[in-house]
Amino acid sequence: MKRYFIHTFGCQMNVNDTNRMSEVLAGLQYQPTPVAEDADLIILNTCSIREKAEDKIYSALGRYRQVKTQRGALIGVGGCVAQQEKDKILKKVPYVDFVFGPDNISKLPEILDKVLIGRARVVETAWVDSEEYVFPRADPESSRGRVTEFVTVMKGCDNVCAFCVVPHTRGREVSRAFPEVLLEVAALARVGVREVTLIGQNVNSYRGGLGFDQLLLRVAEVPGVERVRFTTSHPHDLSDALIEAFRVQPKIASHFQLPVQSGSDAVLKRMRRDYTVQEYLERLAKLRAARPDIAITTDIIVGFPGETEEDFERTMQLTEAVRYDNQYSFVYSSRPKTSSALREQEWGEIPHEVKVERLDRLQKLQKKIAAEINALHRGHPVEVLVEGRSKTDPAKRFGRNPQNKVVNFDGDAPIGAVVEVQIDRTSVGALYGVQGRTLLAPTIEISEAPLAPELCAVA
Ligand code: SAH
Ligand code: SF4
Ligand code: F3S
């Protein structure tokens, strides 16, 4: 039997696509191996959101070149860099055998035939943009042993944010029909999954026969499901109906990832994010009124072309005003085909040292806020869905609270149980404590180690 190794970069869309690739490869009698050196087929599932992400892929390819020389492994490049660069990858990296875009995963058997039998180098990056796009249904058996799982509800992005490659690498938005989503969730719940995260680049513009708020409410009612999460959302789609769903359905977990990108209206305008800071804050206030304990996280870009010190100060002020539970902040990176890349000269590029210095200031502030918010839990119980052994200390258990914070604790609760944990210590990134009473027993027995072998390395 042949063995494959997939190296996954980037976001949850890619993690999910890696699972789909694994299923297609299983059908071709390939087995996963956690060691690239043992593989007959190596696939890089790539991300191109920032230049650094793209650079990582070329250095990883350099490492896998040896496996090709030593055991003749095939090397394929999938994901967003594949979609963006197409045949340029074959020219740039002579030992890559095939390149395939995110819409061409189901074509892997034909691609491998062409490479192995036809001895050709292959590029497959055609879009499947139509509403007839079939979202492959995940095999629930591959989720046995997990309590939390991702479910794709849409693909692509119809927004036009000036800095972003996603519309170019993932194509137009297509939503998955809601009965399909519900069937997949029900199948996952039957193998013990208790928390599902609905994923897409823009989930709250979902149009699969129901509004996104209705989809969340229906998913929350699937027997066995205790928590529903979703990621990610654009602030302009944070509708009153979605806020109402948070008010009425406690199974929708108390966490909202709401990327703001900048605290300056002038920068937001150039970014083509169609809201003002004021509008963003008003939406947030409504959401917090409906769900007072909700954790808010965000994405920020620092050093967008033309960002002045005052613009950046506004981002600092917004960070203080909102008091985010967490921020994913990055320095602006110029990306091919994006509208901001074309206007950098006109707006004014920000020197690298300035960008890095601003990012550092922002991250220090955010760390302080996150530590303060987490410290409020000290001496109080939190509700934890148990996921397994703690990654930092195998003698302890770990899970997450509704706000999506990692909780490490002393106790012996079975995987899949919901327990109270009394918090005695906190850090910027996690809460620590001791197990208290059990709130819910697991729906089925889940063994300690996940049954599925580790399929890929995520970076
Ligand atoms: N669809 C999601 C974003 C996906 S990309 C949304 O709109 O929320 C994840 C994050 O990467 C973005 O929110 C943005 O903060 C960051 N990002 C995207 N393009 C970038 C670029 N060119 N430079 C730096 N950061 C970028
Ligand atoms: Fe990119 Fe904007 Fe779409 Fe998010 S909403 S994926 S930032 S274009
Ligand atoms: Fe990266 Fe593509 Fe996701 S660019 S962030 S892997 S959609």
Could you label the plane-to-plane angle of the F98 and F100 rings as parallel, tilted or perpendicular, counting under 30° as parallel and over 60° as perpendicular?
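Correct class here is tilted.
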Parallel, tilted or perpendicular: which describes the rings of Y64 and H7, with under 30° parallel and over 60° perpendicular?
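Aromatic pair Y64/H7 classed perpendicular.
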Specify the closest pair of heavy atoms between [X] and [Y], including all atoms of both residues, with the distance to one decimal.
{"X": "A126", "Y": "N104", "answer": "O-ND2, 3.1 Å"}
{"X": "G303", "Y": "Y332", "answer": "O-CB, 3.4 Å"}
{"X": "R273", "Y": "C161", "answer": "NH1-SG, 3.3 Å"}
{"X": "A295", "Y": "D325", "answer": "CA-OD1, 3.2 Å"}
{"X": "E149", "Y": "S143", "answer": "OE2-OG, 2.8 Å"}

Yes or no on salt bridge (charged side-chain N to carboxylate O under 4.0 Å, His left out) for K364 and D360, after CA distance, side-chain angles and deciding distance?
CA-CA 6 Å; K364 281 200 178 109; D360 185 55; 2.8 Å; yes
If you round to the nearest 0.5 Å, how far is CG of N204 from NE2 of H234?
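One finds 9.0 Å between NE2 of H234 and CG of N204.
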Going through the checks in order, is the side chain to side chain contact (heavy atoms under 4.5 Å, CB included) test met by F256 and L284?
CA-CA 10 Å; F256 210 117; L284 214 54; over 6 Å; no
Do [X] and [Y] touch side chain to side chain, with heavy atoms closer than 4.5 Å?
{"X": "F163", "Y": "I301", "value": "yes"}
{"X": "I373", "Y": "K405", "value": "yes"}
{"X": "L182", "Y": "V219", "value": "yes"}

Does any N or O in the side chain of [X] come within less than 3.5 Å of the main-chain N or O of [Y], such that one atom is a donor and the other an acceptor?
{"X": "Q83", "Y": "T125", "value": "yes"}
{"X": "T46", "Y": "V81", "value": "yes"}
{"X": "T298", "Y": "V260", "value": "yes"}
{"X": "D158", "Y": "R172", "value": "no"}
{"X": "R343", "Y": "R270", "value": "no"}
{"X": "Y280", "Y": "P259", "value": "no"}

Give the C-alpha distance, both sets of side-chain angles, the deciding distance and a yes or no for side chain to side chain donor-acceptor pair (under 3.5 Å) between S262 and S264.
CA-CA 6 Å; S262 169; S264 153; 4.7 Å; no
Within a radius of less than 6.0 Å around [atom1] of [X], do more than 12 heavy atoms belonging to other residues, nucleotides or ligands occur?
{"X": "E309", "atom1": "CD", "result": "yes"}
{"X": "E51", "atom1": "CD", "result": "no"}
{"X": "R272", "atom1": "CZ", "result": "no"}
{"X": "Q66", "atom1": "CD", "result": "no"}

According to salt bridge (charged side-chain N to carboxylate O under 4.0 Å, His left out), who are the partners of R50, at least two apart in sequence or on a separate chain?
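None.
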With sequence neighbours left out, write down each residue that passes salt bridge (charged side-chain N to carboxylate O under 4.0 Å, His left out) with R65, or none if nothing qualifies.
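With neighbours one apart ignored, the set is empty.
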Given F230 and V153, is the side chain to side chain contact (heavy atoms under 4.5 Å, CB included) satisfied, shown in steps?
CA-CA 10 Å; F230 55 92; V153 300; over 6 Å; no
